[in-house]
Each structure stands twice: as structure tokens, then as C-alpha cells.
Amino acid sequence: MSSPVLTAGLEIHRQLDTRHKLFCGCPTDFAESEPQEKFLRRLRPTQSELGQIDQAALFEFHRGRSVLYEADNQTSCLVEMDEEPPSELNKEAVDVCLTASLLMEAKPVDEIHVMRKLVIDGSNTTGFQRTAVVALGGQLKVNGKIIPITQISLEEDAARKASQSQDTVGYRIDRLGVPLIEVTTSPVLHSPEEVETVAYAIGSVLRATRKVKRGLGSIRQDLNISIPGGALIEIKGVQELEVLGKAVAIEIVRQQTLLSIRNELKGRGLEPYQIERDYVDLSSLFTTSKAKVIKQSLDKGGVVLGVRLPKFKGLLGKELSPGLRLGTEMSNRASFWGGVGGIFHSDELPAYGISGEEVAAVGGRLRLSPDDAFVIVADSYAKAKDALDAVADRATEALNGVPDETRTAMPDGTTRYMRPRPGAARMYPETDVPPTPVAEEYIAVLNAHLPETAEKLIGRLMEGYTLNAKLARQLMDSDYLSLFERIVAPGKLQTAFVATFLTETYKSLEREGVAVRTVPDTKVEAMFRLVERGLIAKEALVDLLKWQVSHFNEDPGAGVQSLGLRMLTEKELEPVVDHAIEKNKRLLGEKGQGAFPSIMGAVMSEVRGRADSKLVTEIVKRRLARVSSP
Ligand SMILES: [Zn+2]
């Protein structure tokens, strides 16, 4: 058996739609409002915590940033501000989490213990995130394959980043404490499509609880990905399901390209010790430079520092993923450490105001060989040196192929360096929150009331309403499932038509900018009743709905009047049909009954939206029979 090109695992976080936050009585549903209060904190983990801090966390700490928190009293209280201890675990959130666990056949723990996970980027006022394992060892069957679910946890969401400057990070704490469910799969996924399908399946199970939030920001998906010969890469924060497969595909190519760069460097005979760490002050070559960043930096008393990267020529400019080159990786890494003003590599020069003569002069000063490259940084000496250290580190790692990293997902599916991959020792017990026992009787009750799974629901929609699988799924994913069930309840309307209208038609109208969501369910239902009673044609519904959006307080009946959508009666249709026959007399003479489609077309183009096509067909047939019979 050939080894798979990819091994991936998923970690899916989804906000729960509970009434209260996880450890206080604040609401989880809120509109963005003006902050009433601001408070500044310094990141300062205690020594005992520092003892357990891994490298990744320590680096964040060493950036020495202050954190500015913004709060308002509708969305947060003293718990989020870390001025009051947390309350007990939110029972409703535990219910939802256990219910989802049971749907995934996971075994609930006997006692839920809240732990502290060290997070010192400032996104938690406490310096840690509270998290609790709720169930273990579940599984999901997806396309006939068993996907092990290793762990299901309950966590508190972090604060939202609102601003960032050199020494201060700003966070809004309204989101802090909203319950999140975290579902982790084994690393058993082997293609971008499979990753996406499994994420979808997990999403469906979570939705089946009817207690998860929707919309952008409510879902965050993390990935761990490796390819043979590569490294384990963590990708954090993919927000949209549709981007997940793309992110995986892009990451495969990125790792493959890094491996080919490694092979190329080895082929060129590069050894790790050849990567230098004595940097050369090149400031004198740029005294009359037209490059803005360099000029600004020199004016402020900074330097231009450079390093030769032996045998890297052409490799820094090599694209790893769309818009991301090895050179970009190096400068991202450098900014992580130092936040430098200007950083440039030889594969992208001359450009940015740096001239060909300056490039040549740098090459001469750094004594480049033909297959060497260089990186230059313009900033204060200390920052430039830190940045070049990061560049040299990253260059050394290029010789190993793919460095272990945690990367941030971008909306387009590409990723950026986030930080080194954190170690495992980041948890310790939260002593402020007592353990929550999970009694067998409690599980029995939850088990007896498990919600309809997505699979069952789709099956029920397909069978009960003769919908195809696609429509059934769309309906389940929409917000209109119960409205649909009410509308078709009397049994006279075509179910597929109603389902299509509430999903596809709604979507395309929304894309046109029609605020269909503002129309209350009762009015929508009333419109369908008009169709049901034969008072308007179903083709007229779109116009009527659009009218309703701008006539919020009026009834659909008024719209029918004002738009002239009332259906024509048989009596009113007959003259229209006769007129069309009259106009097509010659065709009728030539083709006889064969003229039917043309006549039908002529009538419909005149009465579309105001007549039932079945009735029109009847009348046309009847009138034609009369004309053609001698
Ligand atoms: Zn609160």
C-alpha cells in the first residue's frame, strides 16, 4: 500500500447558543455596542505558571506588550474582568455538550474538571483559557468510514482583538466567556475533500442540538497536517467550511515546495554551518537611496544591516503558496520577533525604490557568489539584528525542509506564520470552579431525549415531503425549516416549489440586496396561502415578496392589488386566447394542431404571472379544437 500524500486531523470549535456565558450570567447574544470602560493590563504570568510555560508562550510574553481591554456592562461583568471568581459551569452548556457527545457515541467523563490552559497573548484577562473535557472516544461514520472522535470539550471563548500597535494590543471582552464546544478527530483524514466532508458531518451533528450559533465568527476550525517527509503543521482559525479543503490543498503544496527547496539546497552542497550570523552594516551604500522605508530608517538614526545567504539564489523568490514566497516566510518570521520597518531579499530586487546599482553594491560588499542570495533590513541596529537572526534561523530550517509551526489561516485559504508549535505542558487545574459530576441517571435522561440527527432529518424531509437530497439538505441548513413545514401542512402546495423558494430563491434575492429576512414568517405564509387558493400565480411570489420588503406593515393582499397580480379568470382569458389564434391564423392553416406551441407561447407571454398555465393550456386546446373542426 502506498503511503497517503496527506495525514490530517481536525479540531472544530463552535459557539453554543446558550442563554448565559460559561462562567457568569452575561448573555451570549449581543449586538456590538460602544465600550463604556477601558482598563490596561500587562501580561504577567506568575512564576509558578512560568515554570510550565513552553517556548511559544514565553516568546509572546517577551514581546512585553500591554493589553488594553474594552468592556461594557451589558455584555460583561466582573468575571470577565478577572475581578470576581467564575461561577459554576453553565448547566445548559454542559447539557448541549453532552448531547452532542452522545450523538457522536462518545463516552462522557464521570466528573467534569475545569482546567486552565495558558494563553498569554492577552486574549484572556486571566492569562489562561478555561477548558474541560466532557467526553472521550466517540466516532462518526462518514461516507462509510469510521472517523474516531478522540475528545469533546467545553471551553470559554476568548476576547476579540480590536487593535494592535507596537506595544499595545486591544481586546473587546464581550465575546470572552461565550461557551465553545471543541470536537477533535484522530489524524485519519487523507484528502482535502475528506477534511471538508468530515468537518461538514461534525457541523451537522452540532446543528442537530439546535443550540449552536450561526454565522461568521461562530465557527473556528483548526487543522493539523503533515505529508511524508514534512512536519506536523497546525493551522488555526479557518472560519468557513468551504475554505477548509482549499487550505489543506494549499498546505500540501507548501510543504512539498519546502521539501523541493531543501533538496535543491542539498544538491547545491549547502551545509548548516555555512549560514552566517555576522551581519554587515550596509548603511553607507544607501545614503542617497530613493527607497522610502530605508530613507526613513536612516533619518531616524537606524542602519541597513545585511546577511549573505549562501546558495539561496532564486529560492527566496520561489512561491510556496499563492502570494507567499520563502522570502515572505522569512520576513514574517522576522516581524514576529522584532516587528521591523523594512526587510528585502535579493530575489525581489531591484524594486521598492532600491536601484540595480544599490543591489550590485550590496552584492559586492557581502562578497556574493553567483548562486548566493541576501536579505537586508532597515531599522534600529538592535531590531535589525533580531530580524536577521530570525532570517538566519529560518534559512537553517530550510535545510531541514518543513519547520514545525503554528500558522494562522487567511480567508483565502493561505496561511501565515503565527508562532512556534507549542509544547504539551500548558494545563493546570482551575481551583475556583468545583468539578461537575456526571451521573448515570443524568446521561440516561439525555439519551432518552436525543434530538433528531441531521441524517434522520434529511431522510424525513426526503420521504415525508418527496424532496430530493439536495433540497432537503439546503432546507435543513436554512433558517426556514419550521416555516416550510407550516406552509406545506395543508398538503395542497408543491413541496419542492416551496422548499426551492425558501432556499434558492431567497438566497438569490439576498444576493440582489433584497432584505427578504426582514419579512415576518406570518406574511410569507400568507403569500403562499394566496397561491394555494389560486388567487395569484406562483410566478408572482417573487414580485410580491419584494413588494412586502418595502411595505412592511401592509398585508400581501394589498400588494396583489397594487401590483395587479390577481389571477385572470377563465372568462378574462378566453378573449386573450382568441386574439392569439386570430393573429396566428396563417400558421394554423399551414400546421393545424402543430401551431399549438406558438399560440400557447403568445398567450403566456401576455399573461405570465397572472394566469395558471394549466388553465391556459386547457382553454387554448378547447378553442383550437373548435377552430380546426369544420
Ligand atoms: Zn459576565
Exercise for the section: Locate the shortest heavy-atom distance separating Pro490 from Ile487; write the atom from each residue and the value. Expected result: CD-O, 3.4 Å
Problem - CD (Gln74) with more than 12 external heavy atoms under 6.0 Å - result: yes
Practice task
Using a strict cut-off of less than 4.0 Å between a Lys/Arg side-chain nitrogen and an Asp/Glu carboxylate oxygen, indicate whether Lys621 and Glu618 qualify as a salt bridge.
Solution key: no
Practice task
Quick one: which residue pairs count as a salt bridge (Lys or Arg N to Asp or Glu O under 4.0 Å) with a foot in residues 484-504, not counting sequence neighbours?
Solution key: Arg460-Glu485, Lys470-Glu504, Arg486-Asp521, Arg486-Glu525
Handout entry: side chain to side chain donor-acceptor pair (under 3.5 Å) against Thr209, all qualifying residues, sequence neighbours excluded
Key = none
Fill in the blank from the handout: With sequence neighbours left out, the residues meeting salt bridge (Lys or Arg N to Asp or Glu O under 4.0 Å) with Lys585 are Glu582
Problem - Side chains of Lys213 and Thr28, donor plus acceptor under 3.5 Å - result: yes
Handout entry: Charged N-O contact under 4.0 Å between Glu574 and Arg622
Key = yes
Handout entry: For Ala611 against Val616, the heavy-atom pair lying closest together
Key = CB-CG2, 3.9 Å
Practice task
Would you name the heavy atoms of Val142 and Ala201 that are closest together and state the gap between them?
Solution key: CG2-CB, 3.7 Å
Practice task
For Glu194, enumerate each residue passing the salt bridge (Lys or Arg N to Asp or Glu O under 4.0 Å) test, keeping only those at least two apart in sequence or located in another chain.
Solution key: Lys145
Problem - Any residue meeting ring pair (Phe, Tyr, Trp, His ring centres under 6.0 Å) with Phe596, in chain and number order, not counting sequence neighbours - result: none
Practice task
Please confirm whether the backbone N or O of Leu180 pairs with a side-chain atom of Asp157, one donor and one acceptor, at under 3.5 Å?
Solution key: no
Fill in the blank from the handout: Residue set satisfying salt bridge (Lys or Arg N to Asp or Glu O under 4.0 Å) with Glu196, at least two apart, ordered chain then number -> none
Completion exercise
Sequence neighbours excluded, the answer for side chain to side chain donor-acceptor pair (under 3.5 Å) partners of Glu182 is His13
Handout entry: Residues Glu532, Lys538: salt bridge by 4.0 Å N-O rule
Key = no
Exercise for the section: Hey, could you give me the OG/CG distance between Ser226 and Leu6, rounded to the nearest 0.5 Å? Expected result: 7.5 Å
Handout entry: Set of residues satisfying side chain to side chain donor-acceptor pair (under 3.5 Å) with respect to Glu348, sequence neighbours excluded
Key = Tyr352
Handout entry: Inter-residue atom distance Glu92.CD - His20.NE2, 0.5 Å rounding
Key = 7.5 Å
Completion exercise
Here the pair of heavy atoms bringing Leu315 nearest to Asp347 is N-OD2, 3.3 Å
Handout entry: Set of residues satisfying salt bridge (Lys or Arg N to Asp or Glu O under 4.0 Å) with respect to Asp95, sequence neighbours excluded
Key = Lys91
Exercise for the section: Sorted by first residue and then second, give each salt bridge (Lys or Arg N to Asp or Glu O under 4.0 Å) pair with at least one member in residues 543-561; sequence neighbours left out. Expected result: Glu512-Lys546, Lys523-Asp555
Handout entry: Pro108: side-chain contact (heavy atoms from CB on, under 4.5 Å) partners, not counting sequence neighbours
Key = Leu98, Leu102, Val438, Ile443
Exercise for the section: Please lay out, stage by stage, how Ser191 and Glu193 fare under the test side chain to side chain donor-acceptor pair (under 3.5 Å). Expected result: CA-CA 5 Å; Ser191 73; Glu193 298 73 32; 3.3 Å; yes
Exercise for the section: For Asn468 and Leu471, indicate whether the former's side chain and the latter's backbone hold a donor-acceptor pair under 3.5 Å. Expected result: yes
Handout entry: Residues forming a side chain to side chain donor-acceptor pair (under 3.5 Å) with Tyr200, sequence neighbours excluded
Key = Arg473, Asp477
Problem - Lys507 and Glu510 ion-paired at < 4.0 Å - result: no
Exercise for the section: Would you mind checking if Arg407 and Asp222 are paired as a salt bridge, meaning a charged N to carboxylate O distance below 4.0 Å? Expected result: no
Practice task
Give the ring-plane orientation class for His551 versus Trp547, where under 30° counts as parallel, over 60° as perpendicular and anything between as tilted.
Solution key: parallel
